[in-house]
Amino acid sequence: MSLGQLHYTSAPPGPDGSGFRFTALTPGLPQSVLREAEQLIGYEPPRNAPSRPSATELEAFPRAFSYSELSDGSRLLARTVYTGADYSGRWGNFHAHAVHLAPGRQLPDGALPVSAWESPGWAAATPEGGAPPALAALPPSTLLDPAGLIAFAASRAPWLAVVFTDLQRQAEDETAPQVVLVERDSADVARWVALASAALPREAAHRLTFTTYTRRPHLAGQRIVGVLPDDAHGLAGSGRRYRVHDCSAPPPAPDGPAPGPHGSGPGPDGSEPAPWAVAAARIWSAGAFELFQHAHRLPGEPFTAGPVSALALCAGIDLPSSHRTAAALWACEHPAELDGQELDGLVQTLAAPRQETAVPAAETAALAELFARVGANLRPESAAPLAARLLTAAVRSAEPVRPPDPGALTDEVARQLAAELGPELRAGIADPAGGFARPLRLLRVAGLLTVDCSDLVTPLAHRLAAALLADPSAYGGELHETLTDRPDLHTALLRELDAAALAGPASVTVLLERAPVELESREALPYLRMCGWTARGPAGGGGGDRNGELRAVLEAARVSVFAHPPLLRVAFRLVWGSDTPTPEEARYVLAETGADVHRPAETWPFLVTAALNGRPGDPHADELAHELLAAFPAQLAPRDRAALLLLEFARDLRAGGAGPGWVDRYLGLRRAAEPVNPTVLEHVCGRIARRLLTDPGAGRELDDLIRGGDADLCAAYERAAHEDAVHSQLLREPRYFADRFVDWNAHPQAGGAWGKVRSALLDGVLRPAARALAAEDLAAVEAALAKRGTRHAEDFRAWNRPGALGRLGLRFGGRDSRPGKAAPRRRGSGSGSGSGSDDRYRDGGVR
């Protein structure tokens, strides 16, 4: 590779003229390059420079060392120095020596442009001959030695991070402001460029343009512009174009926190330094600049804090929490990029005690993740301190921290932590505030450190069970892991759930349906096992047979119900829940288990409720009542006993075993059972009513019904009379028709419930049947009535003769003859004239 040379100074007259001109050029340089170069390599002495400097003063003039990008993409590296008087004796002359790099080219061997600062290859004057050959290389400067750069970085520590931040912005955004460095010595600006070039990613460093000195910074196009203090005043307030860093005076005290010793304070506008810039600043301040070359080779996006922070921490350089977090996360993703020694160094630095009173949760989480990834590859001496720090954070942090594996601690470290953290662990486990997540974590830590917390396990299990029953979704992976790690807590939790299942099996069943709590245990836990079978048993395990399901639930308990009668009560609640067994189911349970177990189990009230809530007409209901009266004579309350006796009476009526006085017996039992379940009333009254309608000798009983005036019994009698069986018998048996006519015409003066029913029976039941009978059938009815007495036959003919209803109503008491009672109003029957009735007739016919 060859570097074309340019020399520019004030020269005597010649073929190219006189005054400032190119005095020596490597052949082949384009004119466009020369025109642009002429604007870049000029020199203006400092404002306060002597007009006629001595040789010594001349050496003190700033040197303009620049690296500029030209419009065609090529680069110009130049050195311009003040030389004093020119050939004619006029003061103000300078000499510029520059080399040209074609587009896409770099200095030989990839040397950075700043390495040519004060290189021996720069000429102090125009060479003889006027056409210098292209240079093969520029020897690096001996003035930018590592020790000098380290000392310079230490002197510029307050500005390092903010300057690096601005340079990062420039590398990421071409429109970012220029960086103006105010220094008293142009050599210091060159040192700034050297610091930046080492820290920046290699490509960004090669693109970094700069000039170490200019009198007119507003005309400079480089990214870094060096100026003397006198030339920086006009740049104030130009923050959108320039970022001015005055390093010639003590750093100003900002409104926020002052810059730290490693350059991590805010920039000129109050913005915080970028994380990468802070890490780079601390590496330079620590004199570990060789880390930059290693960092450039590591995977990761440019200017991310992870790689450079990881290397800094490996070298023992302290960094803020955010950098420690970034380094740990980067190491988690790229553990193979660090050798064993570097990894040990990183872990040791991360584990070192910090000045902060509280470590941020993000850092702790990152350290826990790092330990989980690489902890097994660390030496015990390196792993133990980080494990200790994580355990300490797990105890003292409000955020969850994943503790390390038990083998990560040495015995000595474990003993020290147990002594230090034991009281805090016990207090945290016993603290009921804030839920159970933190106590669970602390209990696991206590297990790692062998801190005895056995007395706290049962109270914690009690709180844990209550929380899970209230919200089964609270069961998660962390809880499952803790129960696996702490069998004592698992056993205590199962005991608590077993006790809860005895009191409220439904909620425990819901929990077991939604949460995978492991139920295996050496303990009996019968109530919990029954809930577990209900929650997790085979779908349709009972096949719709609730008695079969009850047997299965009891078998799941693995304990005899006769030895533990409360099992039966829990099983009842699991199978039937808030429902009631049917009388048939209740009879089956009673027959299968016997009465003796129901008394201590206190399940006999379920059976009583089943009987009292049974469907009206269900023969199992009154059979169950009979069995309950025999099985639990001492347990039944008087009201329940009376209600069951009503059902047993219905059983006797159905079986034909009831003696005379049905209605009176019913009325007496009803008074004792009040308030009676409507289903019981409907059941018993229905049985009595049907018996009254079917028993030929029930006349006296009907008189008792009429005299008793029980509205429910009368209503049941009316409903039974409207049944199809009664209608069919009326059409089929003249004697039955005659008996009902006599019965329903009885007691015409009776009021109350019978008075309301009687007319409905005559008009709604008998009259439709009479209309449906043929003439010979009506004659048979009259004949049957005649056997009961001539008056009954005459009454029937009058009742059944059209147009005679009004007179019959008067004759048979259609008007209440009791003193003070007005005659009832007449109502039409609603029947048409073609049917043989008169719409003037009163409902109910004969009274």
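Quick note: numbers below take in every heavy atom, side chains included, and nothing from hydrogens, waters or symmetry partners.
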Looking at D695 and R691, would you say the former's side chain and the latter's main chain have a donor-acceptor pair under 3.5 Å? no

Any donor-acceptor pair under 3.5 Å from H722 side chain to E718 backbone: yes

Are D704 and R707 ion-paired here, with the side-chain N under 4.0 Å from a carboxylate O? yes

How close do L692 and L702 get, heavy atom to heavy atom, and via which atoms? CD2-N, 3.8 Å

For G709 and A753, the nearest pair of non-hydrogen atoms, with its separation, is O-CB, 3.6 Å

W799 six-ring centre to R767 NZ/CZ under 6.0 Å and within 45° of normal: yes

State whether the side chain of H792 and the backbone N or O of A784 hold a donor-acceptor pair below 3.5 Å, judged by distance alone. no

Report yes or no: is the cationic atom of R740 (NZ for Lys, CZ for Arg) under 6.0 Å from the centre of the six-membered ring of Y736, at an angle within 45° of the ring normal? yes

How close do R654 and D622 get, heavy atom to heavy atom, and via which atoms? NH2-OD1, 3.1 Å

Looking only at atom types and distance, does a side-chain atom of R514 sit under 3.5 Å from a main-chain N or O of P472, one as donor and one as acceptor? no

Can you confirm whether E549 sits close enough to W533 that some side-chain heavy atom of one is under 4.5 Å from a side-chain heavy atom of the other? yes

Considering non-hydrogen atoms only, spot the tightest contact between W576 and P581 and give its length. NE1-CA, 3.6 Å

Looking only at heavy atoms, the pair that brings G708 and L667 closest together is CA-CD1, 4.2 Å

Test salt bridge (Lys or Arg N to Asp or Glu O under 4.0 Å) on R495 and D498; report intermediate values, then the result. CA-CA 5 Å; R495 288 197 201 105; D498 188 61; over 6 Å; no

With a cut-off of 6.0 Å (strictly less than), are more than 12 heavy atoms of other residues, nucleotides or ligands near NE2 of H747? yes

Are the side chains of F796 and E782 in contact, using a 4.5 Å heavy-atom criterion? yes

Indicate whether any N or O donor in one side chain lies under 3.5 Å from an N or O acceptor in the other, for N677 and N613. yes

Specify the closest pair of heavy atoms between A738 and V781, including all atoms of both residues, with the distance to one decimal. CB-O, 4.1 Å

One pair to check against salt bridge (Lys or Arg N to Asp or Glu O under 4.0 Å): E513 and R536. What are the steps and the verdict? CA-CA 7 Å; E513 287 175 348; R536 303 172 182 175; over 6 Å; no

For the backbone of P633 and the side chain of R641, can you confirm whether one donor and one acceptor N or O come within less than 3.5 Å of each other? yes

Would you check if C714 and L705 make a side-chain contact, meaning some heavy-atom pair closer than 4.5 Å? yes

Let's go through E674 and R670 carefully: what are the C-alpha distance in whole Å and the side-chain angles of both, what is the deciding distance for salt bridge (Lys or Arg N to Asp or Glu O under 4.0 Å) to 0.1 Å, and is it a yes or a no? CA-CA 6 Å; E674 288 290 358; R670 174 171 183 169; 2.7 Å; yes

Any chance CD of E584 has more than 12 other-residue heavy atoms, nucleotides or ligands included, within less than 6.0 Å? no

Do other residues, nucleotides or ligands put more than 12 heavy atoms under 6.0 Å from R735 CZ? no

So if I apply the side chain to side chain contact (heavy atoms under 4.5 Å, CB included) rule between V561 and each of V570, L554, T593, which one comes out positive? L554

Any heavy-atom pair between the side chains of L773 and L730 that's under 4.5 Å? no

Is the number of heavy atoms from other residues, nucleotides or ligands under 6.0 Å of D724 CG greater than 12? no

T603 side-chain N/O to F606 backbone N/O, donor-acceptor pair under 3.5 Å: no

Given R438 and D431, is the salt bridge (Lys or Arg N to Asp or Glu O under 4.0 Å) satisfied, shown in steps? CA-CA 9 Å; R438 186 168 185 271; D431 185 6; 5.8 Å; no

